[in-house]
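In what follows, a structure is listed as structure tokens, so that the remarks can point back to it.
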Amino acid sequence: MITVRMQHGDTMVAQLPEEIDYDNAPMVGAQCEDLIRQGCRTLILDASTVRYLDSSAISMLILLLRLLDKHDGSLRLAALDDHYQQTLRLLGLDALFLLYPTVEAAHRSTGRENVEMPQSSRSA
């Protein structure tokens, strides 16, 4: 289950659960889709407490990205664990997602490019 932490205009910050897997990815995705249907065009997903993601979670994120693209919106991932940042890089998905070290950085961004992650986040 997600928790909306902040809403300002058409921008929303949602806290992701600690685990997103086959069992709950459809529910998490549906909750995010509801936010988009309600007018959210910039969805910042706070991943600071995420400890586990499986392929269902990655698929859900890609579907949200596509849905927001259709609405001229953007999906921003904030505070994603180093391991999952590396996983996205290995899969070549880091070029698709806007990744930010903090929710604040994601909120301040124009959303046109990724913010350079700290050196510890980029080591392979």
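Keep in mind that the numbers below use all heavy atoms, side chains included, and drop hydrogens, waters and symmetry copies.
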*T102 OG1 to H107 NE2 distance, which is reported to the nearest 0.5 Å*: 11.5 Å
*Which pair of heavy atoms, one from M1 and one from V28, lies closest together, and at what distance?*
N-CG2, 4.1 Å
*How does the hydrophobic cluster around Y22 look, that is, which other residues are in it when side-chain heavy atoms under 4.5 Å mark a link?*
none
*Could you tell me whether the side chain of D54 and the main chain of A57 form a donor-acceptor pair under 3.5 Å?*
yes
*May I have all residue pairs that pass salt bridge (Lys or Arg N to Asp or Glu O under 4.0 Å) and include part of residues 23-38, sequence neighbours excluded?*
D34-R37
*Hydrophobic cluster membership, L53 vs I44, 4.5 Å side-chain cutoff*: no
*What distance do R51 atom CZ and D81 atom CG have between them, rounded to the nearest 0.5 Å?*
6.5 Å
Report, one line per pair, each donor and acceptor closer than 3.5 Å where one atom sits in a side chain of residues 9-20; sequence neighbours left out.
unit_1: Q15; atom_1: OE1; unit_2: R5; atom_2: NH1; d: 3.4
unit_1: Q15; atom_1: NE2; unit_2: D46; atom_2: O; d: 3.4
unit_1: Q15; atom_1: NE2; unit_2: T49; atom_2: OG1; d: 3.0

_pair T42-R76: side-chain heavy atoms closer than 4.5 Å_ = yes
_When you compare the side chain of L75 with that of C32, does any pair of heavy atoms fall below 4.5 Å?_
no
*How far apart are the closest heavy atoms of Y84 and Y52, and which atoms are they?*
OH-CA, 3.2 Å
*What heavy-atom pair brings A106 and A78 nearest, and what distance separates the two atoms?*
CB-CB, 4.2 Å
Distance-only donor-acceptor pairs under 3.5 Å for side chains of residues 58-68, two or more places apart:
unit_1: S59; atom_1: OG; unit_2: S55; atom_2: O; d: 3.1

_All salt bridge (Lys or Arg N to Asp or Glu O under 4.0 Å) counterparts of R108, not counting sequence neighbours_ = none
*Heavy-atom side-chain proximity of Q86 to R89 below 4.5 angstrom*: yes
_Taking L43 as the starting point, is it possible to reach V50 by hopping between hydrophobic residues whose side chains are less than 4.5 Å apart?_
yes
*L91 reachable from L77 in the ILVMFWY side-chain graph, under 4.5 Å edges*: yes
_For D21, all residues meeting salt bridge (Lys or Arg N to Asp or Glu O under 4.0 Å), sequence neighbours excluded_ = none
*Cluster check Y100, V103: I/L/V/M/F/W/Y, side chain < 4.5 angstrom*: no
